[in-house]
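Read through the structure below, which is laid out as structure tokens, and then see the notes.
Side chains included, hydrogens not; waters and symmetry mates left out as well; all remaining heavy atoms used. Quick note: residue numbers are just sequence positions, from 1.
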Amino acid sequence: NAIVDQVLVEENADVREGTELIVLRSPELDLELSRLEGELSAVETRVRTLRALRAVSPLNDSSVAQRSGVDLSTEEQQATAQLQSLKAQLEMISARRKALRINAPLTGTVHRRRSTLDLAKRPVNRGQVLLEIGDTSEDAEWVAVLLIPDAFSGYLSTAFEESIEPANADSQRSLSVQFATFGESQNQHSAVLTEWSAITDFDGGTLKREVAARIPAPVDRTLRPGRRVRARINCGRRSRGFVWFREFVEFMQRKSFVWF
């Protein structure tokens, strides 16, 4: 666990692989680093003192001084071993602190709304998504992630089954999608829906299902990663009456009435 200390990029910023994006700070690591540096300084002083004392001991020929020199040598060896242990611990702490500097894993575009305001000084946990980078290279595969109300999943499933060509049972199921980004409703884009998730989740108080529509190349360069879209999925043809009154009929089917 850590705290976001600095956010070094803005939304829609183009970054290259290895660009530093976020700097995290761990109060626990900072405290441990301070403790180890204090111990290291004290032990280094102790080692220098013992070496100075040992340098003086051979000048005295008395047996007491010789025994004292042996004791000093043992103490110096112990202090030196402790010194090496502290340095190893400091290297480990430094490596862990270095891992708190998050770099871009690929070249692309950062997309997260108000990234600086949302993330600054925020506590984060391991595995939490902070930023996303979209690969905007010419050969990158783009997808539009759509949230479909679970009440429509039956129509979607039926349309998938009907999309298989009767003469070719091995043909891939797919549905055409038309979508536009919010604020640009006149500029329509095409995509192909080939699979959908069986998992539902609450979004805005409604059960919804996530589906991914593949955007065929070449991708319109006006599209940007992270933009919200409004989409229409072609689920086949139905009668005009069904289209007009479908929601009313479904509402009536969900209600039961008692007649007197």
Side-chain angles (χ1 to χ4, degrees), residues 1-53 72 74-137 140 143 145 147 182 197 199-206 208 210 212 224-228:
N1 300 343
I3 298 173
V4 176
D5 190 43
Q6 299 178 61
V7 181
L8 306 177
V9 292
E10 298 289 343
E11 181 192 4
N12 291 330
D14 293 324
V15 297
R16 301 189 63 82
E17 181 179 352
T19 301
E20 195 168 57
L21 306 175
I22 295 176
V23 178
L24 304 178
R25 181 176 61 83
S26 171
E28 292 81 5
L29 287 181
D30 292 344
L31 182 62
E32 183 68 7
L33 178 65
S34 179
R35 182 187 68 82
L36 288 173
E37 288 177 339
E39 289 188 16
L40 183 67
S41 178
V43 174
E44 285 177 336
T45 301
R46 178 62 177 165
V47 170
R48 287 195 296 268
T49 301
L50 290 170
R51 287 175 179 173
L53 291 174
L72 290 174
T74 302
E75 285 189 46
E76 182 184 347
Q77 291 176 2
Q78 293 173 347
T80 301
Q82 185 181 5
L83 187 66
Q84 296 303 320
S85 175
L86 289 172
K87 288 182 177 180
Q89 293 180 61
L90 276 172
E91 289 180 1
M92 293 176 58
I93 294 296
S94 297
R96 292 176 61 185
R97 295 181 79 238
K98 185 177 180 180
L100 295 177
R101 308 184 78 89
I102 302 175
N103 300 326
L106 54 92
T107 298
T109 302
V110 175
H111 60 94
R112 180 187 174 94
R113 295 174 179 270
R114 303 172 62 195
S115 58
T116 303
L117 295 178
D118 288 346
L119 295 177
K121 308 306 177 184
R122 165 183 165 182
V124 294
N125 300 318
R126 183 182 296 273
Q128 191 171 355
V129 176
L130 302 181
L131 294 174
E132 292 183 350
I133 299 178
D135 185 357
T136 54
S137 59
V143 295
V145 179
L147 294 176
F182 276 74
S197 172
I199 301 174
T200 57
D201 197 3
F202 272 101
D203 182 77
T206 305
K208 293 186 179 180
E210 183 177 292
R224 303 291 293 179
R227 296 290 299 275
R228 296 181 62 193

#### Entry: By side chain to side chain donor-acceptor pair (under 3.5 Å) - contacts of Gln78 (at least two apart)
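So Gln78 forms no side chain to side chain donor-acceptor pair (under 3.5 Å) with any residue.
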How many angstroms lie between atom [atom1] of [X] and atom [atom2] of [Y], to the nearest 0.5 angstrom?
X      : Y      : atom1 : atom2 : result
Lys121 : Arg25  : NZ    : CZ    : 6.5 Å
Arg101 : Leu24  : CZ    : CG    : 10.0 Å
Asp5   : Ser26  : CG    : OG    : 11.5 Å
Leu100 : Lys98  : CG    : NZ    : 12.5 Å
Thr109 : Glu132 : OG1   : CD    : 12.5 Å
Arg122 : Leu130 : CZ    : CG    : 6.5 Å

Pairwise side-chain contact, [X] with [Y], heavy-atom cut-off 4.5 Å (strictly under):
X      : Y     : result
Ile93  : Gln89 : no
Glu32  : Arg96 : no
Asn103 : Leu21 : no

Shortest non-hydrogen contact from [X] toward [Y]:
X      : Y      : value
Lys208 : Leu147 : CD-CB, 4.1 Å
Gln128 : Pro123 : OE1-O, 4.4 Å
Val43  : Ala79  : CG1-O, 3.4 Å
Leu86  : Glu39  : CD2-OE1, 3.4 Å
Glu37  : Leu90  : CG-CD2, 4.0 Å

### Task
Would you mind telling me which of Leu8, Val9, Ile102, Val15 makes a side-chain contact (heavy atoms from CB on, under 4.5 Å) with Glu20?
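Among Leu8, Val9, Ile102, Val15, the one that satisfies the side-chain contact (heavy atoms from CB on, under 4.5 Å) with Glu20 is Leu8.
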Does any N or O in the side chain of [X] come within less than 3.5 Å of the main-chain N or O of [Y], such that one atom is a donor and the other an acceptor?
X     : Y     : answer
Thr45 : Ser41 : yes
Thr80 : Glu76 : yes
Ser85 : Ala81 : no

### Query
Is it true that Glu91 and Lys87 make a salt bridge, defined as a side-chain N closer than 4.0 Å to a carboxylate O?
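Salt bridge absent between Glu91 and Lys87.
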